[in-house]
Amino acid sequence: MNYFSSDFKLGILGGGQLGKMLLAETRKFDIQTYILDPSAEAPSRFGATKFFIGNLMNYDTVYEFGKKVDALTIEIENVNLEALDQLEAEGLNVYPSPKTLRLIQNKGTQKDFYVKNNIPTSKFERFQDLENLKSSVTSSAVDMPFVWKCAQFGYDGNGVKIVRTATDLENLPNVECIAEEVVPFKNELAVIVARSVSGEVKTYPVVEMEFHPEANQVEYVICPARIDEKVAQKAIEVGLKVSEAFNHVGLLAVEMFQTHDDEIVVNEVAPRPHNSGHYSIEASYTSQFENHLRAILNLPLGNTASKVAGIMVNLVGEEGYSGNVVYENIEKIMAIDGVTPHIYGKRETRPFRKMGHVTIVNEDMNEARRIAEEVKKTIRVISVQ
Ligand code: ADP
């Protein structure tokens with residue numbers, strides 16, 4: 001198949017920032033792209049060959065979109081799977097496959113899959129609704145504290161709560177959920193695995209999420225993780241095992257916990273480019289977005305090694321500001337060597353909305369970490385007063 005400067009069209013379901021960054025790569029290769037997103041303001045509205053507005057959960061909308069393209073991928077998991085099943089049955093290459101997406105869309109099903117495939121994960125119970133969970137707590141079948149997760153449609157931590165008291169339990173929404181044992185972890189790690197249609201596999205180095213000591217929010221994604229080589233090796237092995245179990249095609253980001261006795265426990269996966277791999281645009285020989293494309297088009301995978309140390313800082317809307325966004329002090333951070341901001345293209349900021357990220361690269365990890373802190377302190381995502 002000739003993808004380059006041809007009539008071939010890649011369809012992408014979802015037009016958020018991940019789609020936007022993927023489009024930088026399709027532009028590089030001169031591959032045509034069609035994007036479907038519900039919002040006319042989606043970050044990917046400019047870079048695609050054609051941009052379609054429509055509901056990603058609607059069967060007809062997704063099916064008809066799929067009929068216009070020669071291969072289909074996603075940048076968000078919550079899409080209509082029946083339409084993808086039908087498109088696949090009619091011969092369209094859909095990566096990741098609807099089968100994989102079905103296993104991942106529901107956190108309960110995803111956890112069952114890990115157990116079935118002998119992949120280490122924290123203990124959990126599945127519940128159809130809040131009443132069921134409450135009765136298990138009352139009968140002491142589930143002990144507090146535990147981590148409550150809504151089974152479907154949670155995103156960026158909004159479907160996750162630590163339940164410590166009866167009041168916490170009362171405040172939960174009445175939806176299908178899981179109750180997980182709280183893992184006392186030393187580090188949160190992630191491994192991105194790229195796997196092509198023909199089975200070529202490469203892994204990116206292990207990354208580490210560094211948390212703010214008080215706010216308990218991820219502040220920095222650091223590559224390579226500052227961990228023991230043996231632990232890194234174990235994390236990579238677990239990542240590969242997960243990717244094989246799913247028979248995954250494309251990128252699979254495997255989020256993990258490193259426990260205090262250096263065991264690796266899988267938290268969850270994302271079957272697509274991931275926030276934990278954004279550093280790769282500047283720091284790696286081949287970015288995660290380029291390798292996602294290579295994998296789903298069955299092209300040789302690019303080198304996943306890093307050229308330099310990379311740290312990513314998310315740019316989220318500051319509390320107390322809503323409205324037209326201003327990136328205060330962006331010139332100041334751009335004056336520092338090795339600092340590159342990525343602006344996702346959302347005109348309106350809201351508290352905690354993901355508006356962009358900044359990558360810091362440096363030959364020296366300690367220097368990169370120092371600059372990352374300076375960046376974090378300097379730039380502010382606020383609104384026009
Ligand atoms: P989301 O899909 O919203 O990203 P995650 O499952 O990744 O949700 O959970 C969000 C965060 O909550 C994790 O990054 C981690 O810090 C914390 N967390 C999740 N599960 C557990 C657990 N079993 N034990 C301790 N902390 C957890």
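Fair warning: this is a prediction, and the values are worked out from it, not measured in the lab. Indexing begins at 1, ligand by ligand and atom by atom, following the structure's order.
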Subset of ligand 1 atoms that lie under 4.0 Å from at least one heavy atom of Val183: 22 (C), 23 (N), 24 (N), 25 (C)

Aromatic ring proximity, centroids under 6.0 angstrom, Phe65 and Phe52: yes

Phe257 touching ligand 1 at heavy-atom level, < 4.0 angstrom: yes

Interfacing atoms of ligand 1 (cut-off 4.0 Å, heavy-atom, Glu255): 7 (O)

Geometric class of the Phe113/Phe246 ring pair [parallel <30°, tilted 30-60°, perpendicular >60°]: parallel

side-chain hydrogen bond (donor to acceptor under 3.5 Å, both in side chains) contacts in which one or both residues fall within residues 184-196, not counting sequence neighbours: Lys186-Asp262, Asn187-Gln258, Arg195-Asn247, Ser196-Ser198

Within reach of ligand 1, part of Asn267 (heavy-atom separation under 4.0 Å): side chain

Sequence-distant partners of Glu244, side-chain contact (heavy atoms from CB on, under 4.5 Å), two or more places apart: none

Distance filter under 4.0 Å to Val160 heavy atoms, resulting ligand 1 atoms: 3 (O), 8 (O), 9 (O), 12 (O)

Numbered atoms of ligand 1 (with element) below 4.0 Å of Glu181, judged on heavy atoms: 22 (C), 23 (N), 24 (N)

Non-hydrogen side-chain atoms of Pro38 and Asn55 separated by less than 4.5 Å: no

From the candidates Lys149, Glu180, Lys107, the one that places a heavy atom nearest atom 2 (O) of ligand 1: Lys107

Ring centre gap for His260 and Phe185 strictly below 6.0 Å: no

